[in-house]
J.: 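Before anything else, here's the structure in question.
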Amino acid sequence: MRKIFALTLIAISFASISFAQKDGTRFSGGVELGFPTGSFGDVSTFGIGASLQAEHFFQENVSGTVYFGFLDYFGKSISSSVKYKATTILPLRIGARYYIGDGLHLGAQLGVGFISSPFSSTTGFAYSPQIGYNFKTNKGKAVDLTFKYDGYAVSGGSLSALGIRAAYIF
């Protein structure tokens, strides 16, 4: 757990230092829903969590992202006497976005996922192709709605989920 905390602090510090006080940088925080696919769907029902993201624009329609999240996937009951335990995933990723038009964006992120269940903990290669749209609010702010596929390659297999992230851009 100390390793996870240290890596999180390093990532947040890196994002803050590299993006601080520059034009074209924005931060977002939001909620996430995850729907397990493949064999992960055999042991988990759905996930809920939160995330923070920093986004820096290098050009008008190209940006880089730094992302940290927390997702808790609830265990599935397969009978009255057997219920799988919850799985927690802490993804830490960097990536890029390309904006097509006003708010429509395509992106991808790569990084690491810290995966913990009651019986084991592991680290996996994390990847996430994404498509989303930034909606403007009446007060001139924006909300980012992103649909994504989150994958985690771990020793002996992989975990994957379809996800939705709704985040307020500040």
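Throughout, numbering of the chain's residues begins at 1 and tracks the sequence. Below, each value reflects all heavy atoms present in this structure, side chains not excepted, and no hydrogens, waters or symmetry copies.
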J.: Taking the side chain as every heavy atom from C-beta outward, state whether Phe27 and Thr25 have any pair of such atoms under 4.5 Å apart.
T.: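 Yes, at least one pair of side-chain atoms sits under 4.5 Å.
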
J.: Under a 3.5 Å cutoff, is there a donor and acceptor pairing between the side chains of Asn134 and Tyr99?
T.: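 Indeed, the side chains of Asn134 and Tyr99 share at least one donor-acceptor pair under 3.5 Å.
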
J.: Is Asp42 atom CG crowded by more than 12 heavy atoms from other residues, nucleotides or ligands, each under 6.0 Å away?
T.: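 Yes - once you tally the heavy atoms of other residues, nucleotides and ligands closer than 6.0 Å, there are more than 12.
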
J.: Between Asn61 and His105, does the side chain to side chain donor-acceptor pair (under 3.5 Å) criterion hold? Intermediate values first, please.
T.: CA-CA 9 Å; Asn61 59 346; His105 56 80; over 6 Å; no

J.: Is any side-chain heavy atom of Tyr84 closer than 4.5 Å to a side-chain heavy atom of Ser44?
T.: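 No, side chains not in contact.
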
J.: Please determine whether side chain to side chain contact (heavy atoms under 4.5 Å, CB included) holds for the pair Leu145 and Phe135, giving the CA-CA distance in whole Å, both sets of side-chain angles, and the decisive distance to 0.1 Å.
T.: CA-CA 8 Å; Leu145 183 63; Phe135 296 92; 3.8 Å; yes

J.: List the steps, then state whether side chain to side chain contact (heavy atoms under 4.5 Å, CB included) holds for Tyr67 with Leu92.
T.: CA-CA 6 Å; Tyr67 167 94; Leu92 178 60; over 6 Å; no

J.: List the steps, then state whether side chain to side chain donor-acceptor pair (under 3.5 Å) holds for Glu32 with Ser51.
T.: CA-CA 7 Å; Glu32 300 204 21; Ser51 61; 2.8 Å; yes

J.: Should the pair Tyr168 and Phe170 be assigned to parallel (<30°), tilted (30 to 60°) or perpendicular (>60°) ring geometry?
T.: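 Tyr168 vs Phe170 ring planes: parallel.
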
J.: Any pair with a residue in residues 67-87 that passes salt bridge (charged side-chain N to carboxylate O under 4.0 Å, His left out), sequence neighbours left out, goes on the list, sorted by first then second residue, please.
T.: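 Not a single pair qualifies under salt bridge (charged side-chain N to carboxylate O under 4.0 Å, His left out).
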
J.: For Thr87 and Ser117, which I'm curious about, is there any donor-acceptor pair between the side chains at under 3.5 Å?
T.: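 Checked: Thr87/Ser117 side chains show no N/O donor-acceptor pair below 3.5 Å.
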
J.: Find out whether Pro91 and Ile89 are in side-chain contact, i.e. whether some heavy atom of one side chain is under 4.5 Å from a heavy atom of the other.
T.: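 Heavy-atom side-chain distance check passes, below 4.5 Å.
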
J.: Please determine whether a side-chain nitrogen of the Lys or Arg among Asp144 and Arg26 lies less than 4.0 Å from a carboxylate oxygen of the Asp or Glu.
T.: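 Not counted as a salt bridge, because no side-chain N and carboxylate O are separated by less than 4.0 Å.
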
J.: When you look at Ile48 and Phe74, which way does the side chain to side chain contact (heavy atoms under 4.5 Å, CB included) test go after all the steps?
T.: CA-CA 8 Å; Ile48 189 165; Phe74 298 98; 3.8 Å; yes

J.: For the aromatic rings, using the six-membered ring if either is Trp, is the centroid distance between Tyr73 and Phe46 under 6.0 Å?
T.: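 Centroid distance Tyr73-Phe46: not below 6.0 Å, so no.
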
J.: With a 4.5 Å heavy-atom cut-off, do Leu106 and Ile100 have their side chains touching?
T.: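 A side-chain contact exists here, since the closest heavy-atom pair is under 4.5 Å.
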
J.: Passes side chain to side chain donor-acceptor pair (under 3.5 Å), Glu55 versus Ser63? Steps please.
T.: CA-CA 6 Å; Glu55 182 176 14; Ser63 67; 2.7 Å; yes

J.: Could you tell me if the side chain of Gln130 sits less than 4.5 Å from the side chain of Gln109, heavy atoms only?
T.: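 Heavy-atom side-chain distance check passes, below 4.5 Å.
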
J.: Could Arg165 and Asp150 be called an ion pair, given the rule that one side-chain N must be under 4.0 Å from one carboxylate O?
T.: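 A salt bridge is absent here (no side-chain N lies under 4.0 Å from a carboxylate O).
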
J.: With ring centroids as reference points, do Phe40 and Tyr152 lie under 6.0 angstrom apart?
T.: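 For Phe40 and Tyr152, the ring centres are not under 6.0 Å apart.
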
J.: Should Ile115 and Val154 be marked as a side chain to side chain contact (heavy atoms under 4.5 Å, CB included) after you check the CA-CA gap, both sets of side-chain angles, and the distance that decides it?
T.: CA-CA 9 Å; Ile115 303 161; Val154 295; 3.6 Å; yes

